[in-house]
Chemist: 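Okay, handing you the structure first.
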Amino acid sequence: MIQDPLYEPSGHLLTPVDPDVPQRVVRLRELRLGQAPDAEFDAFARDLAEAARHLAGTDLPPFAMVNFVTDQQFLGGLYAPRQPGADPADAVELGREVPLDHGYCPHVVVRRKALVLDDVCDYPRFAGNPVVDKLGIRTYVGAPLIDRTGTVLGTICVIDREPRPWGHPGLDLIKERAADLMRVIRRREERLV
């Protein structure tokens, strides 16, 4: 059987091989990104979650992240909603550092284009991801953050515990917001010079 060179052999988690990591590490250091939580990116993630909540027509916002991907994922921006009335012991605690095999953002980075999974369980490649069992994640929409040099820095994404019919409106939202964040990052870069 011929193996796709972008994926590990069968029997392993399907984490894409990313040859651009060394270039990305250098670029993130130049931009001073992906090393520490960022209040502006946390606010961006909160606003993204609220926009996704409105689009999905739900009472509770989903999780939203600004994710920089190297040999791990670093959530420079994070919004994790608290469930009203839920037992605090059952709350999902997301750390800022996430292994590459947890989630779908590494796929977006390697693909260099947005990914919409209305229900991750409908896709065998993605249904076995650890976030499904550990966090109960059932939906994902994410877009790459591509800077002026053509380097994919990471992603923005929205995840939730319920399947969501994102469709074209979800795709449009995530792509528009990725472009918005890249304008913010470009302004920061101009101040570094």
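No experiment lies behind these values; they were computed from the predicted model shown.
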Chemist: For residues V109 and V69, report the shortest heavy-atom separation together with the two atoms involved.
Modeler: CG2-CG2, 3.9 Å
Chemist: Measure the CZ-CG distance between R177 and L145 for me, rounded to the nearest 0.5 Å.
Modeler: 13.5 Å
Chemist: Less than 6.0 angstrom from the centroid, inside 45 degrees of the normal: does R96 satisfy that with respect to the ring of F41?
Modeler: no
Chemist: Short question: side chain of D118, backbone of W166 - any donor-acceptor pair under 3.5 Å?
Modeler: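 It does hold such a pair.
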Chemist: Applying side chain to side chain contact (heavy atoms under 4.5 Å, CB included), run through D38 and R188 and close with a yes or a no.
Modeler: CA-CA 13 Å; D38 186 301; R188 285 184 176 196; 2.7 Å; yes
Chemist: Measure from the side-chain N and O atoms of D42 to the backbone N and O of L78, and report whether any donor-acceptor pair falls under 3.5 Å.
Modeler: yes
Chemist: Which heavy-atom pair separates V158 from A52 by the least distance, and what is that distance?
Modeler: CG1-CB, 3.9 Å
Chemist: Taking atom NE2 of H102 and atom CD of Q72, what is their separation to the nearest 0.5 Å?
Modeler: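 Answer rounded to 0.5 Å: 12.5 Å.
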Chemist: According to a 4.5 Å side-chain heavy-atom criterion applied to Ile, Leu, Val, Met, Phe, Trp and Tyr, with indirect links allowed, do V26 and L33 form part of one hydrophobic cluster?
Modeler: no
Chemist: Determine whether a donor-acceptor pair (N or O, by modelled atom type, separation under 3.5 Å) exists between the side chain of Y104 and the backbone of F126.
Modeler: yes
Chemist: Does R111 use its side chain to pair, donor to acceptor, with the backbone of A114 at less than 3.5 Å?
Modeler: yes
Chemist: Can you hop from L48 to V141 via hydrophobic side chains spaced under 4.5 Å?
Modeler: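 Hydrophobic grouping puts L48 with V141.
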Chemist: If you measure from OG1 on T70 to CG on D18, what distance do you get to the nearest 0.5 Å?
Modeler: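 Separation between the atoms: 9.5 Å.
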Chemist: With a 4.5 Å heavy-atom cut-off, do V98 and M65 have their side chains touching?
Modeler: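 They are not in contact (no side-chain heavy atoms under 4.5 Å apart), so the answer is no.
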Chemist: Any side-chain heavy atom of C105 within less than 4.5 Å of one from Y140?
Modeler: yes
Chemist: State whether R27 and E189 are salt-bridged, where the test is any N-O pair (Lys NZ or Arg NE/NH1/NH2 against Asp/Glu carboxylate O) under 4.0 Å.
Modeler: yes
Chemist: Check for a donor-acceptor pair, side chain of R24 on one end and backbone N or O of V152 on the other, with a separation under 3.5 Å.
Modeler: yes
Chemist: Can R46 and E50 be counted as an ion pair, charged N to O under 4.0 angstrom?
Modeler: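 Between E50 and R46 there is no salt bridge, as every charged N stays at least 4.0 Å from the carboxylate O atoms.
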Chemist: Might you point out which heavy atoms bring G34 and F68 nearest each other, and give the distance in Å?
Modeler: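 Distance-wise, the nearest heavy atoms are CA-CD1, 3.6 Å.
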Chemist: What heavy-atom pair brings A45 and A64 nearest, and what distance separates the two atoms?
Modeler: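 Closest pair (atom of A45, atom of A64, distance): O-CB, 3.2 Å.
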Chemist: Would F44 and L173 show up in the same hydrophobic cluster when neighbours are defined by side-chain heavy atoms closer than 4.5 Å?
Modeler: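 Yes: a chain of side-chain contacts under 4.5 Å links F44 to L173.
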Chemist: With a 4.5 Å heavy-atom cut-off, do L55 and P169 have their side chains touching?
Modeler: yes
Chemist: Please lay out, stage by stage, how L31 and D147 fare under the test side chain to side chain contact (heavy atoms under 4.5 Å, CB included).
Modeler: CA-CA 10 Å; L31 296 170; D147 83 344; 4.2 Å; yes
Chemist: Identify the heavy atoms of P163 and D119 that sit nearest to each other, and give their distance.
Modeler: CG-OD2, 3.5 Å
Chemist: Rounded to the nearest 0.5 Å, what's the gap from CZ on R53 to CG on D160? Could you check?
Modeler: 12.0 Å
Chemist: Does the side chain of Y123 come within less than 4.5 Å of L117's, by heavy atoms?
Modeler: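 Answer yes - side chains close enough.
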Chemist: Say you draw a straight line from CD1 of I156 to CG of D180; how long is it, rounded to the nearest 0.5 Å?
Modeler: 8.0 Å
Chemist: Verify, without hydrogens or angle tests, whether T151 (side chain) and L153 (backbone) share a donor-acceptor contact under 3.5 angstrom.
Modeler: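 Judged by distance alone, no pair lies under 3.5 Å.
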Chemist: Stepwise, does the side chain to side chain contact (heavy atoms under 4.5 Å, CB included) test hold for L115 with I174?
Modeler: CA-CA 9 Å; L115 177 64; I174 205 74; over 6 Å; no
Chemist: Would R186 and M182 count as a side chain to side chain contact (heavy atoms under 4.5 Å, CB included) here? Give the steps.
Modeler: CA-CA 6 Å; R186 178 68 180 143; M182 285 314 306; over 6 Å; no
Chemist: Where do L75 and G95 come nearest, in terms of heavy atoms and distance?
Modeler: CD1-O, 3.4 Å
Chemist: Measure from the side-chain N and O atoms of R112 to the backbone N and O of G150, and report whether any donor-acceptor pair falls under 3.5 Å.
Modeler: yes
Chemist: When hydrophobic residues are tied together by side-chain contacts of less than 4.5 Å, even through go-betweens, does L28 share a cluster with V184?
Modeler: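 Yes; V184 is reachable from L28 via cluster members.
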Chemist: A side-chain contact here means heavy atoms from C-beta on lying under 4.5 Å apart; do T155 and Q73 qualify?
Modeler: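 They are not in side-chain contact.
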Chemist: Measure the CD-CG distance between E176 and L171 for me, rounded to the nearest 0.5 Å.
Modeler: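 Rounded to the nearest 0.5 Å, the CD-CG separation comes out at 9.5 Å.
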